[in-house]
J.: 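After the structure tokens below, expect a handful of questions from me.
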Amino acid sequence: MESRYDFRTIEKKWRAEWEKNPINKEDDVKPRFYCLDMFPYPSGSGLHVGHWRGYVLSDVVSRYKVLQGYQVLHPMGWDAFGLPAENYAIKTNTHPRISTDANIQNAKRQLHEISAIYDWDKEVDTTDPKYYKWTQWIFVQMFKKGLAYEQEMPLNWCPKCKCVLANEEAAGGVHERCGSVVTKKNLRQWMLKITAYADRLLEDLNKLDWSEKVKKMQTDWIGKSYGAEVDFKVKDSDEVITVYTTRPDTLYGTACMVLAPEYKGLDTLVKPECKADVDKYCYDASTKSSVDRMTDKEKTGAFTGSYCINPVNGKELPIWVADYVLADYGTGAVMVVAAHDQRDFEFAKKFGMDIIPVISPDGKDMGELEEAYTGEGIVINSGDWNGMTVSEAKEKVPFLMEEKGWGRKTVNYKLRDWVFSRQRYWGEPIPIIHCEHCGAVPVPEDQLPVLLPDVESYQPTDTGESPLAHIDEWVNTTCPVCGRPAKRETNTMPQWAGSSWYFLRYTDVHNDNELASMDALKKWAPVDLYVGGIEHAVLHLLYARFYTKFLYDIGAVPFDEPFLKLFNQGMITKNGGKMSKSLGNVVSPDELVEKYGCDSLRMYELFVGPPEMDCDWDDSGIDGVFRFLNRVWKMVYNYKDAPKAATKEEEFIVNKMIVDVTNRVESLAMNTIVSTFMESTNKLLDVAKKEGGLSKETLETMTVMLAPFAPHIAEEMWHEMGHEGSVFDAGWPKADESKLVQDTVEIALQIGGKLRGKMEISKDAAKDDVLAQAKEVLASRIEGKTVVKEIYVPGKIVNLIVK
RNA sequence: GCGGCUGUGGCGGAACUGGCAGACGCAUCAGACUCAAAAUCUGACGCUGGUGACAGCGUGUGGGUUCGAGUCCCACCAGCCGCACCA
């Protein structure tokens, strides 16, 4: 062993050794732990220090579990289909297969620098036909269960990426990936009926150990609300307009009916004299971007000339069109209760309609309203319903309406079905054949996978047609049912298809007969700890839950939630901004590894701050971690050959360290673990200086505990202390509680809550003795005053209140 | 607009159930070693006043509860994130 900490030699040596003899051995007697990173897109820009943060954290947990005697599944793979890979390929003018492979090679090389315990025999690549065979198989199963269907409707269209988007990808009217403003395009597309799982996706959030933040984001996205549907007959017509409302208690206060510009059947309601106005209004609404429509708060509208009848009081209500009503939420029709909804209030006021209060906080008349009243209160102006409280009326009214045939109780969701097809090349072909006689027919399972054909031009088109549509020899096929000529579906699946189930595949990567065997799934899954960024809160994480529930329902998977515990690491920024190649602020781990070593960078990634919080990257602090590792190295070097018996103080420091580090790994408070190591080491070095050495056990315990964090230096020190096997076979140390009991404790002395001194007392000193002693110490300060109250918190504090 | 998170020295951040605020580290300063520098080691390091032991102030702001508040309650301010006309 050299006195100098030569990290380059050490890290190279042990990385090679672990590749030959992995420390994480399969052994079916041991308990199991599945620790998963969100797999990356192999983009051209490679990994930066932000990627390391999550990967280091999950590797620390994995290695810690190994030390605790678990066999750990800690795999890695590639989410290699989809827009980022394809756009990169287009930009660099290379086939996506070639650029993707190159990017995977590069990312893999960079990942090796982390020295995580990934088992590369279990690598998953979503673009591998052996993998996407099962991505397609899942789609076929969904089709067979009626969960995959085609529909023509106005869809979110990204003009830059030239493809349709799911609602989740277009939240806020902006494409989440490229930032372009989304427009609408009327297209026939494949949809997945995720709404059929809305309730279970909502309810089962209770089962999960996820942050409240992510659970809330999913809850809000699913957007369940309780209310009623009410049927309004159209005057002089057989038509009926059904509205959805969460306020059936306010039905008597309806001023008018408002329909979305895209309301189906609008045309039949428009009177000839109003047609020009309504048409113009609807045209203008259709050309507004969804962002404008969301941000223009000034109410607009047009009258159709028709009226409908309020079932509760027979009142005739004018029917209007207004773009503040959304076509795809509820029924696309809203009853305007001007007095109790701010938007309705503004609309009614602008067009001079009656504003009739039907809820009053005290049951009395409310006079002229300045704004809508949305609070609790008593029903007024509402016939038989008068006198009920709001909550009472909300509960009872739907049943009263049901009896009379006016409407019914119902629930509603914001969640929409998932737009699943993409007009792009680099994705899984949707395994469907279109036959004139048989309709859409799934490709028979024994013919899967439908291979993505090689193609000259994979540039996207403006027409909403996939680049695959031009490959006649691929498109033209025969119908698997009737054998007549037929055409293949040319759309591909979205990026999310492959990532919605990859965590299942890791358990049984090489299985050609099923997506994963039941045995393998039972053995490893579901995932015990899932680590990744929060940006997937309602995308990947919602889709993966949906897929898992579906696969559970068809008996392919033995559980219905994929990720038991989720940890979202904070983002690392540089100079306050997200790291990106275009901003030129990417901090590459490569140079830091070169200068300080992998172990130092691993520890520094943890030390920068609480792992769930964002933080701004600053290289300078890594010196502190590097110095710390040098100190530990020297400590072992100096004292390993002449061990001393441990003093009481030494045992206390070591056992305290064991307790603190263990608790903090369990709670993932990684930044404070590094502090604990540093503090303990400083104290041990003081002891060593005083006593002329340290015990063998102390040095060994320190080395073993350090191993998950700084594995190379720990392994080297372990061997230098004379051990044959790996430090990861040593077992995680257990604290000896008896060593943590100290004979004396220092307590703080306060007068009137202010710190006025300290004193050392025996750990089981009686209260009266402590107080007497405290008064002695503070004698000069309480002289001439009366002590009116004495507070003693054992082991902590004495507080004297004086007058 | 609604909802959530965050706010502590020059900086990153500690402080588990209310109990000694500022652990640990960075930067800075002083000292030791050195011909010198680097590295390393030792020490100082919230602010204000005082030569000084010491005193006063101090966890975004203002109130409150408590013997005692960074921590609990109320109101507000700022920053970030999410949702955003969801009837």
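Computed from heavy atoms alone, side chains included, the values below leave out hydrogens, waters and symmetry copies. Just so it is clear: chains get the letters A, B, ... in the order the sequence lines come, proteins before strands, and each one is counted from 1.
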J.: Indicate, with a heavy-atom threshold strictly under 4.0 Å, whether A:Ile801 touches base, sugar-phosphate, or nothing.
T.: sugar-phosphate
J.: When A:Phe626 is tested against each of A:Tyr596, A:Tyr604, A:Trp633 for ring pair (Phe, Tyr, Trp, His ring centres under 6.0 Å), which residue passes?
T.: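 Exactly one pass, corresponding to A:Tyr596.
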J.: Can you name the closest pair of heavy atoms from A:Gln773 and A:Met759 and give their distance?
T.: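 Scanning both residues, the minimum pair turns out to be CB-CE, 3.9 Å.
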J.: Test salt bridge (charged side-chain N to carboxylate O under 4.0 Å, His left out) on A:Glu649 and A:Lys683; report intermediate values, then the result.
T.: CA-CA 9 Å; A:Glu649 187 188 2; A:Lys683 285 181 178 163; over 6 Å; no
J.: Go through residues 569-577 of chain A and report each residue with a non-hydrogen atom lying under 4.0 Å from RNA chain B, sorted by number.
T.: none
J.: Mind calculating the distance between CH2 (A:Trp633) and P (B:A39) to the nearest angstrom?
T.: 21 Å
J.: Using a cut-off of 4.0 Å on non-hydrogen atoms, how would the nucleic acid contact of A:Gln750 be classed: base, sugar-phosphate, or nothing?
T.: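 Since a base atom lies under 4.0 Å of A:Gln750, the category is base.
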J.: Over all strands shown, is A:Asp616 touching base, sugar-phosphate only, or nothing at heavy-atom distances under 4.0 angstrom?
T.: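 No contact.
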J.: What parts of residues 603-611 of chain A reach RNA chain B, counting only heavy atoms under 4.0 Å away?
T.: A:Phe607, A:Val608, A:Pro610
J.: Can you tell me the Watson-Crick or wobble partner of B:A15, both distances under 3.5 angstrom?
T.: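 No nucleotide pairs with B:A15.
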J.: Under the salt bridge (charged side-chain N to carboxylate O under 4.0 Å, His left out) rule, what pairs show up with a residue in residues 654-663 of chain A, not counting sequence neighbours?
T.: A:Lys656-A:Asp660
J.: Between A:Asp231 and A:Arg408, does any side-chain N to carboxylate O distance fall below 4.0 Å?
T.: yes
J.: 5'-most contact on RNA chain B: A:Arg756 or A:Gly173, nearest heavy atom basis?
T.: A:Arg756
J.: Would A:Lys690 and A:Asp686 count as a salt bridge (charged side-chain N to carboxylate O under 4.0 Å, His left out) if you check the C-alpha gap in whole Å, the side-chain angles of each, and the deciding distance to 0.1 Å?
T.: CA-CA 6 Å; A:Lys690 214 160 49 188; A:Asp686 284 346; over 6 Å; no
J.: Return whichever of A:Lys796 or A:Gly752 has its heavy-atom-nearest nucleotide of RNA chain B closer to the 5' end.
T.: A:Lys796
J.: Could you tell me the Watson-Crick or G-U partner of B:U71, where both distances fall under 3.5 Å? Say none if there is no partner.
T.: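 Pairing partner: none.
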J.: Given the rule in the side-chain contact (heavy atoms from CB on, under 4.5 Å) test, do A:Val379 and A:Ile359 qualify, once you have shown the distances and angles that lead to the verdict?
T.: CA-CA 5 Å; A:Val379 175; A:Ile359 305 292; 3.9 Å; yes
J.: Tell me, please, which residues at least two apart from A:Trp52 pass ring-ring contact (aromatic ring centres under 6.0 Å, His included).
T.: none
J.: Measure from CZ on A:Phe677 to C1' on B:G13 and round the result to the nearest Å.
T.: 18 Å
J.: Regarding A:Glu168 and A:Arg416, does a basic nitrogen lie under 4.0 Å from an acidic carboxylate oxygen?
T.: no
J.: Just to be sure I understand the geometry, which residues of residues 681-690 of chain A put a non-hydrogen atom under 4.0 Å away from RNA chain B?
T.: A:Asn682, A:Lys689
J.: With rounding to the closest Å, how many angstrom separate the C1' atoms on B:A30 and B:C24?
T.: 22 Å
J.: Rounded to the nearest angstrom, tell me the gap between atom CD1 in A:Ile673 and atom P in B:C16.
T.: 16 Å
J.: Atom CG in A:Leu694, atom CE in A:Met702: separation rounded to 0.5 Å?
T.: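 A:Leu694 CG to A:Met702 CE: 9.0 Å, rounded to 0.5 Å.
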J.: Write down the distance separating the P atoms in B:A69 and B:G64, rounded off to the nearest Å.
T.: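 That atom pair is separated by 12 Å.
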J.: Using a 4.0 Å cut-off on heavy atoms, which residues in residues 210-221 of chain A reach RNA chain B? List them by number, or say none.
T.: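 Heavy-atom cutoff 4.0 Å gives A:Lys213, A:Lys216, A:Met217.
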J.: Where do A:Ala338 and A:Ile355 come nearest, in terms of heavy atoms and distance?
T.: CB-CG1, 3.7 Å
